[in-house]
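Read through the structure below, which is laid out as structure tokens, and then see the notes.
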Amino acid sequence: MEEFAKAVGLSRPTVSKYFQDPSSVRVKVREKIDAGLAETGFRPNLFAVNLNRRRSKIIGLVFPSSLDPFYMGLRRRIEAEATAAGYLPFVFSSDGRGELEAEAIETLTSLNVAGVIMAPVGGHGAHHDKVRALARNIPIVFIDAPFDAEEAFVGTNNAQSIALITDYLTRSGDRPAYFDMPVVNSNTMERRANYIATMQRRGLEPLLIPVERSETWEFERYAFEQTNKVLAAGGFPSKTVLCGNDRVAFGVLAAVNQAGLKVGIGPDCDLRVAGHDDQPLSEYIWPPLTTVSQNTTEMGRLAIMLLLSKLDNSRVFDDPRMQGQHILLNAELVLRASA
């Protein structure tokens, strides 16, 4: 940058000021720098610039899976909002493993990141201690699943979303039996508990499908294998199956279709199947999946806004939800042919 500043006949601080905010320098100075950039092709090393700052313009994003469409949607919105705010997002995947989450945290700390948005994995251990240590020193916002009651969090209101789909299923057919998710984060326990509470509130006995406890992120394979075991043992306890999320429902649908059972709402159908999340593929599998839709766009926007408010106390947001540390978004019922 010193060489470039000399080449265009300006001071290094002036050039540096331009790269931080082009509108902060006079129009003639900006035109002179723009001409120099066009002639030399110079670009500052943003990575080095960020590391050299007391507080960098880097934001770390940590997700349990780089392939799950739900997290891909969150990532896309957060990256767009962060970039528009002048931050450089660095994305890490923990692959659903606590030790990789801990490694990501260590890397982010070494990068001198300004803040972090993280969808935490479940369980406890040394990696949770590292997350807590990070939260003491760097602003952090959790998304999708809360870390604890004290840290900032944006996610779906599982009490509302599970009650919404459970109420619908109990009104429109056989009482739903619940097919649990693998135990990968707190959403697993929350959704099961809210299903039980909703059934009890309606005066109905909860039906928990007997599936093996697992911590795998291969939801479809898990549900496919567990469904085959349920069918081999005599079938489901109800003609309606509510799955903890859509990816579990995909596995259930694959298994029951291969078994020759018909899924849907007609009199000739053997089973109704519903999910939770409204994944992009849920509309296009067969039959299309009845589910509840999480507002991933708004979830991602609020997460980055909440983090920016922590990074800059002078920022003022007119959204009243920004006044709280825990923001829960309601879901919407999506009715399709499967239920």
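Note that these values count all heavy atoms, side chains included, but never hydrogens, waters or copies made by symmetry.
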Next item on the list: Drop me the distance from L271's CG to K239's NZ, to the nearest 0.5 angstrom.
Entry: 8.5 Å
Check: Checking T227 side chain against A223 main chain: does a donor-acceptor pair fall under 3.5 Å?
Finding: yes
Note to self: Ring-plane angle category for F19 and F42, please: parallel below 30°, perpendicular beyond 60°, tilted otherwise.
What the structure shows: perpendicular
Notebook entry, point to check: With distance as the sole test, does T188 use its side chain to make a donor-acceptor pair with the main-chain N or O of P182 at under 3.5 Å?
Noted result: yes
Notebook entry, point to check: Can any side-chain N or O of S282 pair as donor or acceptor with the backbone N or O of D278 at less than 3.5 Å?
Noted result: no
Next item on the list: Could you grab the distance from atom CD1 of I33 to atom NZ of K17, nearest 0.5 Å is fine?
Entry: 10.5 Å
Check: Measuring from Y87:OH to I59:CD1, what's the distance to the nearest 0.5 Å?
Finding: 6.0 Å
Check: For the hydrophobic clusters of this structure (ILVMFWY residues joined by side-chain heavy atoms under 4.5 Å, transitively), does one cluster hold both I209 and F224?
Finding: no
Next item on the list: Indicate whether the side chain of S11 and that of T14 have a donor and an acceptor atom separated by less than 3.5 Å.
Entry: yes
Check: With hydrophobic residues grouped by side-chain heavy-atom distances under 4.5 Å, do Y168 and F179 end up in a single group?
Finding: no
Checklist line | F70 reachable from V252 in the ILVMFWY side-chain graph, under 4.5 Å edges | finding: yes
Item checked: Nearest atoms (heavy-atom pairs only) where G300 meets L74 -> N-CD2, 3.8 Å
Note to self: Could you check whether atom CD of Q200 has more than 12 heavy atoms from other residues, nucleotides or ligands sitting under 6.0 Å from it?
What the structure shows: yes
Notebook entry, point to check: Out of curiosity, does L281 fall in the hydrophobic cluster containing L289 (side-chain heavy atoms, cut-off under 4.5 Å, transitive links)?
Noted result: yes
Check: So, Y222 versus D180: side-chain donor-acceptor pair below 3.5 Å or not?
Finding: no
Next item on the list: Grab the two heavy atoms, one from P139 and one from L311, that are nearest each other, plus how far apart they are.
Entry: CG-CD2, 3.7 Å
Next item on the list: Please step through side chain to side chain donor-acceptor pair (under 3.5 Å) for the pair S172 and R272, ending with a clear verdict.
Entry: CA-CA 10 Å; S172 56; R272 294 191 304 161; 2.8 Å; yes
Next item on the list: Applying side-chain hydrogen bond (donor to acceptor under 3.5 Å, both in side chains) between N158 and each of E190, Q294, R192, report the one that passes.
Entry: E190
Margin query: Once rounded to the nearest 0.5 Å, what's the spacing between atom CZ of R336 and atom CD of E283?
Written below: 5.0 Å
Check: Is the closest side-chain heavy-atom distance between Y71 and P64 below 4.5 Å?
Finding: yes
Notebook entry, point to check: Within the distance-only criterion (no hydrogens, no angle test), does the side chain of S293 pair as donor or acceptor with the backbone N or O of A331 below 3.5 angstrom?
Noted result: no
Margin query: Is it the case that over 12 heavy atoms from other parts of the model lie below 6.0 angstrom from the CZ atom of R75?
Written below: no
Notebook entry, point to check: What about F142 and F153, are their ring centers closer than 6.0 Å?
Noted result: no
Note to self: Show the nearest heavy-atom pair for residues L207 and Y195, with the distance to one decimal.
What the structure shows: N-OH, 2.8 Å
Note to self: Tell me the closest heavy-atom pair linking E101 and P120, and the distance in Å.
What the structure shows: OE2-CA, 3.4 Å
Notebook entry, point to check: Is any NZ, NE, NH1 or NH2 atom of the basic residue among E220 and R247 found under 4.0 Å from an Asp or Glu carboxylate oxygen of the other?
Noted result: yes
Item checked: Heavy-atom check, side chain of C269 versus side chain of V263, under 4.5 Å -> no
Notebook entry, point to check: Is the side chain of D95 donor-acceptor paired with the backbone N or O of R97 at a distance under 3.5 Å, no angle test?
Noted result: no
Check: Is there a donor-acceptor pair closer than 3.5 Å between any side-chain N or O of H326 and the backbone N or O of P146?
Finding: no
Check: Just wondering, do F92 and L61 contact through their side chains at under 4.5 Å, heavy atoms?
Finding: no
Checklist line | Distance (rounded to the nearest 0.5 Å) between D68 CG and F219 CZ | finding: 7.0 Å
Item checked: I304 versus E81, closest heavy-atom pair with distance -> CG2-CB, 3.3 Å
Notebook entry, point to check: T291 and D246: side-chain donor and acceptor closer than 3.5 Å?
Noted result: yes
Checklist line | Within one Ile-Leu-Val-Met-Phe-Trp-Tyr cluster: V230 and F250, side-chain cutoff 4.5 Å | finding: yes
Checklist line | R202 atom CZ, over 12 foreign heavy atoms within 6.0 Å | finding: yes
Next item on the list: Say whether, by atom type as modelled, one donor and one acceptor occur between the side chain of T170 and the main chain of D167 under 3.5 angstrom.
Entry: yes
Notebook entry, point to check: Are the charged groups of E298 and R77 less than 4.0 angstrom apart, N to O?
Noted result: no
Check: S309 side chain to L306 main-chain N or O, any donor-acceptor pair under 3.5 Å?
Finding: yes
Note to self: Ignoring hydrogens, what is the shortest heavy-atom contact between A119 and D144? Give both atom names and the distance.
What the structure shows: CB-CB, 4.5 Å
Check: Any ion pair linking D270 and K262 (charged N to carboxylate O, less than 4.0 Å)?
Finding: no
Check: Which value, rounded to the nearest 0.5 Å, describes the distance between I265 atom CD1 and T290 atom OG1?
Finding: 7.5 Å
Next item on the list: Would you mind reporting whether V15 and R12 have side-chain heavy atoms less than 4.5 Å apart?
Entry: no
